[in-house]
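Read the structure below first, then the notes.
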Number of protein chains: 2
Amino acid sequence: MKPKAVTLKDVAAAANVSRATAARALNGYGYVGGDAAERVRTVARELGYRGNRIAQALRQGELPLIGFVPGDILNPFFSQIAHDLDMELRGSRHNLLIAASQEDPEQERQVIDSLRALALRGLIIAPATSDPNPQLAAMLEEGYPLVLIDRVPEGLDCDQITVDNREGARNAVDYLIRSGHRRIALIHDGSRIGTARERLAGYSEALESRGIAADPALIAESPSTVSHAIDATIRLFHRQDPPTALFTVDSLMTQGAMLAFRSLGLSMPHDVSLVGFDDFDMATFSDPQITVVSQPIKKIGPLAVEMIMARIQGSRAPARHVQFPTQLTVRGSVSRPRSA
Amino acid sequence: MKPKAVTLKDVAAAANVSRATAARALNGYGYVGGDAAERVRTVARELGYRGNRIAQALRQGELPLIGFVPGDILNPFFSQIAHDLDMELRGSRHNLLIAASQEDPEQERQVIDSLRALALRGLIIAPATSDPNPQLAAMLEEGYPLVLIDRVPEGLDCDQITVDNREGARNAVDYLIRSGHRRIALIHDGSRIGTARERLAGYSEALESRGIAADPALIAESPSTVSHAIDATIRLFHRQDPPTALFTVDSLMTQGAMLAFRSLGLSMPHDVSLVGFDDFDMATFSDPQITVVSQPIKKIGPLAVEMIMARIQGSRAPARHVQFPTQLTVRGSVSRPRSA
DNA sequence: GCCCCATATGAGACCGGTCTCACAAGATGG
DNA sequence: CCATCTTGTGAGACCGGTCTCATATGGGGC
């Protein structure tokens, strides 16, 4: 009941050699006699010797671990990325430590601190806010391997992978306009999360470039949850002069809008058109299927691993800023407005 | 560019005390003079001293890490659990290492091996198969803290959390029978995964207890992916004498069935009834919403943490086998068969 | 036969902490 | 005033590896 793991010393003793020789035999470096090596390997197998990575790490400085700090693993966007990181990292014999920030800056700070104490080789983070972040700045300064995904704090020149939120939103809204809509509503969380801000900006740009005055009454702010989004949608469409189309800035809100339309008895695309940012499974399960701005999620994980590995291997290259374009995935939730 | 983390030695030197005293001051044990302690703490703060958990772990044997080996994090079932584990573990100042087995026994073996080398404090595993598992048996034998969830290898008396798959399936099928169905199809993956087998058993029992002969032609086997399930469903309903109801053993298959029905032009519940095992978001987004057997997913994570922590704290109590009951969540996807 | 070098091996430093133990003071007390 | 106890502190062992360096041995070249 006291497992007492087999150590190198045990193996060395059993094979009648010194720890140094045993280590050489097992790790295959330096000079080792053929039969000594043989003996050590046999004994190690028999004893069930299993190296202690902690000791190795202590000597060499780091554990083969990469940390990932998503906003929330429950979000399919992040669980896809977590999955890809896990797969990709396995190829480099690293393991993945996941600790969600719950989209809370303070929790994020603590989580990062606790991960750093573990002497991970690097961290992949989706920062909870786009406010300047001294903690990350300090790590970057120290040369700590760091890759930011999805969102980026202001003024931090760090390896990062984002998508072109502004353009994606602009395209989506422009598509609605080209379909004949003029009264296009928007739901966003007024959050610190930069992505939402950029999507809002894209919305405004699209309207402006087509000479449509933005109506502040059509812009709703709501926390990013399905139920809040339902409320926000209902409020928007309960007006005497309701919008003919809606653009939602994330998939949770899109789901909320779908449910709200159902309860309002509005049918898509006949009564109302909908475009959401971010693709999600349900978008293809509803009837009609939902037109969305899709992001190349599957490219993010592998690229993040590539970036962090480069840093771990000591690359001092200037920070890479990769911004993926989005793509408008046209499905069935948009048509010309009835009245138009 | 060579961060050269601040070590205890640096702090001790700067505070003009020995490492021993510095350690005592920082960790608050043993005797330390008031002003020495003060000095050490101040210096530590100024230098940005951050303990090295690896060194601590080497001395004390383990890192404050728990490993989690799910089948696949993309599966919402597992991402919910991962999320709960992460949250729950934070309370005990532990971090979560996630490495998916991809439902592959060989990969599982390797993953567990690589996690063990990291000297984690314990492992929470959803075994990929229910075949006897010597690796896990050996770990158990050694007294390694281990908690199994969702599935359990044969002949392993280990802390475990499962749900009553057989009863859940029996209830679901019985519900269909009580709704007047006689020709009830089943799609399962013929997998080694025990849960699927138990659900199949529940299906058979329900039929038998109502005196309905099971028709092998109504039992389809398909890998557990949406697209395979679509094919399987189509094959089942292309028969000259199609079933009037379908029971699917997991949420991916349920989704596949929904899509297949749509493409076949069958409308639920009018043309066909559907009950799925495992609740999922989309089940409430479709029209009609899907009747499912739901599992108390949110209870699993917290309980798993409780169990593993007890083992880590040295509990030698007999293995706990917790089996949660399931609940039939009746929604709108079942009605009396047309013909009946 | 002598020197040099390649090969094989062990001793021991080291990584950064924790912790035991010995020891030096000052306080207590009889 | 000496013995004893309480404090405060440092030296150094230790965790389990890695790795440098010194040493031992044997073969080849001259």
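Below, chain A is the first sequence line, B the second, and so on; all start at residue 1. Since the structure is predicted, the reported quantities are computational estimates derived from the model, not experimental observations.
- In this structure, CD of A/Glu62 is placed 12 Å from P of C/dG16, rounded to the nearest angstrom.
- Within 4.0 Å (heavy atoms only), B/Ala36 reaches sugar-phosphate atoms of the nucleic acid but no base atom.
- Taking only side-chain nitrogens and oxygens, A/Asn27 comes nearer than 4.0 Å to OP1 or OP2 of D/dT18.
- Here the closest heavy-atom approach between residue A/Leu89 and residue A/Ile66 is recorded as CD2-CB, 3.8 Å.
- A/Leu63 has its side chain out of reach of A/Leu118: every pair of non-hydrogen atoms, C-beta onward, lies at least 4.5 Å apart.
- Side-chain atoms of B/Arg90 and A/Gln107 include a donor-acceptor pair closer than 3.5 Å.
- Summarising the geometry, the separation between CG on B/Asn52 and P on C/dG17 is reported as 5 Å, rounded to the nearest angstrom.
- Looking at which nucleotide of DNA chain C each of B/Ala20 and A/Gly34 is closest to, the 5′-most match is held by A/Gly34.
- For B/Tyr31, no side-chain nitrogen or oxygen approaches OP1 or OP2 of D/dG8 to under 4.0 Å.
- C/dC15 atom P lies 14 Å from atom CD of A/Gln60, rounded to whole Å.
- Applying the 4.0 Å criterion to OP1 and OP2 of D/dG17, one finds that A/Tyr49 has a side-chain N or O inside that range.
- Summary of the strand contacts: B/Ser18 and B/Ala55 both lie near DNA chain D, and taking for each the nucleotide with the nearest heavy atom, the more 5' one is attributed to B/Ser18.
- Atom CG of B/Asn16 and atom P of D/dT9 are 12 Å apart (whole Å).
- A donor and an acceptor atom sit less than 3.5 Å apart, one in the side chain of B/Arg24 and one in the base of D/dG10.
- The base of C/dG16 lies outside donor-acceptor range of the side chain of B/Arg53, with no N or O pair under 3.5 Å.
- For B/Asp10 and C/dG16, the CG to P distance is 9 Å, given to the nearest whole Å.
- Summarising the geometry, the separation between CG on B/Leu63 and C1' on C/dG16 is reported as 14 Å, rounded to the nearest angstrom.
- Of the listed nucleotides (D/dG16, D/dG10, C/dT18), D/dG16 has the atom at the smallest distance from the side chain of B/Leu58.
- The interatomic distance linking B/Tyr29 (OH) with C/dG17 (P) rounds to 12 Å, in whole Å.
- Contact of the A/Gln323 side chain with the A/Val163 side chain is not registered, since no non-hydrogen atoms from C-beta on lie closer than 4.5 Å.
- Remark on DNA chain D: of its neighbouring residues B/Arg59 and B/Arg39, the 5'-side contact belongs to B/Arg39, judged by nearest-heavy-atom nucleotide.
- Taking 3.5 Å as the limit, the base of D/dG17 and the side chain of A/Arg19 contain a donor-acceptor pair of atoms between them.
- Regarding B/Lys9, its NZ atom lies at a distance of 14 Å from the C1' atom of D/dA11, rounded to whole Å.
- Screening A/Val147, A/Ile161, A/Ile149 for a side chain to side chain contact (heavy atoms under 4.5 Å, CB included) involving A/Leu303 leaves a single residue, A/Ile161.
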